[in-house]
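Please read the structure below before turning to the comments.
As the structure is a prediction and not an experimental result, all values here were calculated from the model. For this chain, numbers begin at 1 and follow the sequence in order. Note: hydrogens, waters and symmetry copies are ignored here, and every other heavy atom, side chains too, is used.
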Amino acid sequence: MKWVNFVESPSYDTISFDKLKKQLSFNFAENKAIMELKIKPDAFIPVLFSLKFGGDWSFKTPHLEAIAVKEKITRYNEQKGEGYTLERVTLFVNPSLISSEGKVLRLEKCGNKNERELVERPFRVKIDAEDIILAELNPEIMEINLKRIKGPLSYSGSAAYGVSHEIEHLAGCERTGKFLWEFQYKVEV
């Protein structure tokens, strides 16, 4: 193995090195949080992906299923003309869908597919799990707060669609629908 001394390297970039140190520190903090929560590291993957890449995520092994559902809550001060969007990511370890109701047509694109599809999702869902962890990412104070919460939890709208979609991933039976290119344009002038 060849050792590279970053300080003496002609391509040494202080900004890149500082970024790398911060990323490594962040990764150590993630590992510490996982250990403090006493959760299997694999179960936490959907939360990490949701925080780093956005959206809802699921993960499955032969002995574990986990989904993370993200909600966005904007807090805005009209007088100051400023605010922030809190991201609330809820992790469900070995989830069970208790109920779903309503029908909503929506276009969605999954990372597994190349195109958006028109699918039907429930408007409301109720879900429980063996373990539920809430992660709140607050950009105003630059903190990610983690806490264990009790279920079952109910969702409506976007979060309900996310639960439905990720439960399908775990079950291995994803819905298919009509593609965007099957829509027709109608122009009013």
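The heavy-atom pair separating Ala43 from Val93 by the smallest distance is CB-CG2, 4.0 Å. A pairwise comparison of heavy atoms in Ser164 and Pro122 identifies OG-CD, 3.4 Å as the closest pair. Scanning all heavy atoms of the two residues, the minimum distance from Leu86 to Pro139 falls at CA-CD, 4.3 Å. Ile141 and Asn138 get closest at one heavy-atom pair: N-OD1, 3.3 Å. Looking at every heavy atom in both residues, Pro46 comes nearest to Ala66 through CG-O, 3.7 Å.
Open room surrounds NZ on Lys150; 12 or fewer heavy atoms of other groups in view lie less than 6.0 Å from it. Residue-environment remark: CZ (Phe28) stays at or below the threshold of 12 foreign heavy atoms within 6.0 Å. Heavy-atom neighbours of Lys126 NZ from other residues, nucleotides or ligands within 6.0 Å: at or below the threshold of 12.
Looking at Asn94, its side chain does come within 3.5 Å of a backbone N or O of Glu65 through a donor-acceptor pair. Counting only distance, with no hydrogens or angles, the side chain of Asn77 and the backbone of Glu82 share no donor-acceptor pair below 3.5 Å. No donor-acceptor distance shorter than 3.5 angstrom exists from the side chain of Ser96 to the backbone of Ala129, with no hydrogens or angles considered. The main-chain N or O of Leu37 is found under 3.5 Å from a side-chain atom of Arg148 such that the two form a donor-acceptor pair.
Once rounded to the nearest 0.5 Å, the distance linking CD of Glu87 with OG1 of Thr74 reads 9.5 Å. In this structure, the separation between CD on Glu168 and CD1 on Ile67 is 11.5 Å, given to the nearest 0.5 Å. To the nearest 0.5 Å, atom CZ of residue Phe49 and atom CG of residue Asp56 are 14.0 Å apart. Separation of atoms CG (Leu97) and CD1 (Ile127) is listed at 6.0 Å; rounding is to 0.5 Å. To the nearest 0.5 Å, atom CD of residue Glu30 and atom CD1 of residue Ile144 are 7.5 Å apart. In this structure, Gln184 CD and Glu182 CD are separated by 10.5 Å, a value rounded to the nearest 0.5 Å.
Taking the charged nitrogens against the carboxylate oxygens, Glu140 and Arg75 have no contact shorter than 4.0 Å, which rules out a salt bridge. Under a 4.0 Å N-O distance rule, the pair Lys70/Glu166 does not qualify as a salt bridge.
Contacts of Arg116 classified as side-chain hydrogen bond (donor to acceptor under 3.5 Å, both in side chains), with partners at least two apart in sequence or in another chain: none.
With contacts defined as side-chain heavy-atom distances shorter than 4.5 Å, the pair Pro95/Leu170 qualifies. Looking only at side-chain heavy atoms (C-beta outward), Val119 and Tyr161 stay at 4.5 Å or farther from each other.
Ring geometry for His169 against His165 counts as perpendicular: the plane angle is over 60°, on a 0 to 90° scale with 30° as the lower cut.
Follow the hydrophobic side-chain contacts under 4.5 Å out from Leu137 and you reach Phe44 in the same cluster. Neither Ile167 nor Trp57 shares a network with the other; the hydrophobic side chains, linked directly or stepwise wherever heavy atoms of I, L, V, M, F, W or Y lie under 4.5 Å apart, form separate groups for each. Hydrophobic clustering (ILVMFWY, side-chain heavy atoms < 4.5 Å, transitive): Ile132 and Ile39 are in distinct clusters. In this structure, Ile98 is not a member of the same hydrophobic cluster as Val69, with clusters built from ILVMFWY side-chain heavy atoms closer than 4.5 Å. When hydrophobic clusters are built by joining Ile, Leu, Val, Met, Phe, Trp and Tyr residues whose side-chain heavy atoms come closer than 4.5 Å, directly or via intermediates, Leu91 is grouped together with Leu146.
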